[in-house]
Amino acid sequence: MWTNRDCNDAQSHLKAQRLGKAISMMENYFFSHPNQYETGAFQLLRDDYDLLKTYWRNGAYDPQRDALYQQLIRRMYTFIEDFKWQNRIANSVCHSSADSLVRQHVFDWSSSQVRMTLESFVSNIAMLELEPPHTRQQQQDALYLAHQQFREKLFNYLWLSTSWKENRAQNYKEMILSPTIDPVDQQLMVSAVTLSCMNSFCINKFRLLTEVFQESLDESVRQRALVGWALCVDADSADIFHEQQPIVTALCQQESCRQQLTELQIQIIYCMLADEDSRKIKEEIIPDIMEGQQMRITRQGIIEAEDDQLENILHPETAERNMERMEASMKKMADMQKSGSDIYFAGFSQMKRFPFFSQVVNWFLPFYPQHPSVSAIWQQSKGKRFLQDITRLGAFCDSDKYSFVLAFEQVYRQLPAEMVDLINKGEAYPTAIGGEVPLEEQNQPAFIRRQYLQNLYRFFRLFPYRGEFCNPFAADETQLPKVLFSACPMFRGSDFEAHFIEIASFLIKRKKILEAYQVLQNIGLSHQQLSYYLMSGHLVSRYPSVVAKYVTNSADYYFQQALNIDPDNTKALQEHARFLFIEKEYQEALDVYNRLLALLPENMNVELNVAVCMVKLKNYDDALKILFRLNYNYPDQTSITRVLAWALTLTHKYPQAMKLYGQLLSLEHRHDEDVLNYGYCLWFQNDIQGAVSLFSQFLLLHANDVNVLEELFLNTDRRILADQNISDTDIMLMLDVLSKDS
């Protein structure tokens, strides 16, 4: 993808209101790159700025000077953006070929002519009803072929277009809202404007998308517009195009908009989890389905396994069990699909190699069977009814429907003979894996939006030249993907902010930790309630390495803020006590754990933590009372046994401690802490050989790295050793012996 540092630096100067510096930088760039010099717009802009400076230097009073200066900044920013876009077109194989296709088409691309062409198609299709049946199909095919060729050129013309003036945006808005234009064309225009605005921000294209979202009566058009403006929100240009923020704020004041934005954000996350879901389907679900249907996938296609009569006689329950597993797996797929998972991504990703998908427009095209590339298959296929039913009732996005139709003949040939016979007779009723979706549900905004998002995701994941586009799903070291729009500063302070907790909670459940933290950090003071502090503290506490780069406060800060709101919040108390314990503030931690114990009486974990704090504070008598009782009530809890054994060791009750360590070390999975502490127990009794043996076993668990024990003996546990009369000389001798043994 073509980029230019000088252009980017010039735009940075514009954001800092340094118009003169930006102009000088571009002048220097054009001087050193004369083949790229722009003689028209840039020269006029520079002259206007020089005129403004001249009037100012002469002391002329101009009440519009500030407004004029801002207009020049916007013009300069737009000029640079258009210059960058034109260079990207010229230096991209995909962009330049699409641009050539438009230029080769001798056509007046004025808005009025485009509208006339689009409306003529609708009227011509309507007039076909007057034609005799034997010629109607031929004429219809010709009309759709010509119009699809025009659609492709129009789509390219729109997504390759530079910045728009207000009147041009208004003309296209009227076309998109007009009842006299085919909805397929309207949806395509929305997608083309979206693709263009995502790659090169234009305030008038952005405004068009927001207004279409609010005014369109066609739900498919509305949902494409919603996705469009949500992904085109551009915080980087907010200082230049000040009207962008009020537009976003006003939209978020609408309850329905806020709800749809929340659903959209969660649906986008589901799209981004397609690889994980595909792996789960491949490894856990498909094998059970194939086993239950007694099908096998071979190089020759799908074949049906012959029944093993003897097996059925000897083990009649096996077939029934396989069927139950298959039904459970089918239900699991259906549940995943209903929840929002993209269950078809992996299966259909291999079907995107048809020449059909070499054109950008076809990735965004709503499915319609009259498309010249699929109409013949649709009308003439032997399995016509089967094909129509499965595309009508399956939860396939438009892109996958085209893939399915294009691949149908090949799939049809690989089906078992018995199934082919049923299809030809019209007796096979298709059921898509994942279940059918009633037509009523398919007309709901959430379903329409999800299908369109899957189209987008496939384009940015599978299109051969996807690297030449600004990919909203991609992330890098400096920023999160643009599709995580709830983390965008443009939404901070809006009414949509109230939904960020719900979005962050969903992200945490799906292990998107950094994304969740970024969304939480976009919440302003007015919405920083209890759940905000608990979630933020949880992420900083549990995933420090993931969020470290963005952390501004400690985990305990968040939990203390939560306690200021709800002093008896058990989650915040637990985490605050944990923090104090890590910081070795054992008395303060004990006080908090005692508060917790009053709120959660007889809670084993809290009582155990109370005892651990007491051990740290050398209050062994009270600690042992608690530990003996817990060990009696929960004899299988190794965590209790471990603390009790250590407390007994520190109080010189060695026989009892050794008995417990014997139990701990007999477990299948040894805990290295138990090996270490048992070694201490023997050392404290002056059983040097026994201690050396245990410490050697400990080293085996740590790659024979004696430095690990050296750190423990000389730093972490040095005070404990001193209290047990282990001198520095003893430590050095032990380390020397262990070094030679290792």
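- Paired with Q260 under the rule side-chain hydrogen bond (donor to acceptor under 3.5 Å, both in side chains), one option of Q223, Q267, Q265 passes, and it is Q223.
- D398 contributes a side-chain N or O that, together with a main-chain N or O of F367, makes up a donor-acceptor pair within less than 3.5 Å.
- A cation-pi arrangement is not found for R450 relative to Y457, the charged atom failing to lie both closer than 6.0 Å to the ring centre and inside a 45° cone about the ring normal.
- A distance-only check finds no donor-acceptor pair linking the side chain of E263 to the backbone of A446 [under 3.5 Å].
- Ring pair F473/F460 is tilted by interplanar angle, where 30° to 60° counts as tilted.
- With ring centers used as reference points, H95 lies 6.0 Å or more from Y465.
- Classified by interplanar angle (parallel below 30°, tilted 30° to 60°, perpendicular above 60°), the ring pair F469/W159 is tilted.
- Taking CG from L261 and CZ from F496, the interatomic distance works out to 4.5 Å, rounded to the nearest 0.5 Å.
- When the side-chain contact (heavy atoms from CB on, under 4.5 Å) test is applied to S341, the partners found at least two apart in sequence or on another chain are Y270, D277, M336, S339, I343.
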Does V233 form a side chain to side chain contact (heavy atoms under 4.5 Å, CB included) with F485? I'd like the steps, not just the answer. CA-CA 8 Å; V233 169; F485 57 83; 5.8 Å; no

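- Both the sub-6.0 Å distance and the 45° axial angle are satisfied by R222 relative to the ring of F213.
- Ring geometry, F459 versus F463: the interplanar angle falls under 30°, so the pair is classed parallel (tilted spans 30 to 60°).
- Under the 4.0 Å criterion applied to side-chain N and carboxylate O atoms, D218 and R224 are not assigned as salt-bridge partners.
- Within the cation-pi definition used here (under 6.0 Å to the ring centroid, within 45° of the axis), K401 does not qualify as a partner of F396.
- One N or O on the side chain of W85 and one on the backbone of S161 form a donor-acceptor pair closer than 3.5 Å.
- Using a cutoff of 4.0 Å between basic side-chain nitrogens and carboxylate oxygens, K173 and E211 are scored as salt-bridged.
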Taking it one step at a time, do W229 and V193 satisfy side chain to side chain contact (heavy atoms under 4.5 Å, CB included)? CA-CA 10 Å; W229 73 259; V193 172; over 6 Å; no

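- By the 4.5 Å heavy-atom criterion applied to side chains, L273 and K512 are counted as neighbours.
- Taking the charged nitrogens against the carboxylate oxygens, R151 and D182 do have a contact shorter than 4.0 Å, which makes a salt bridge.
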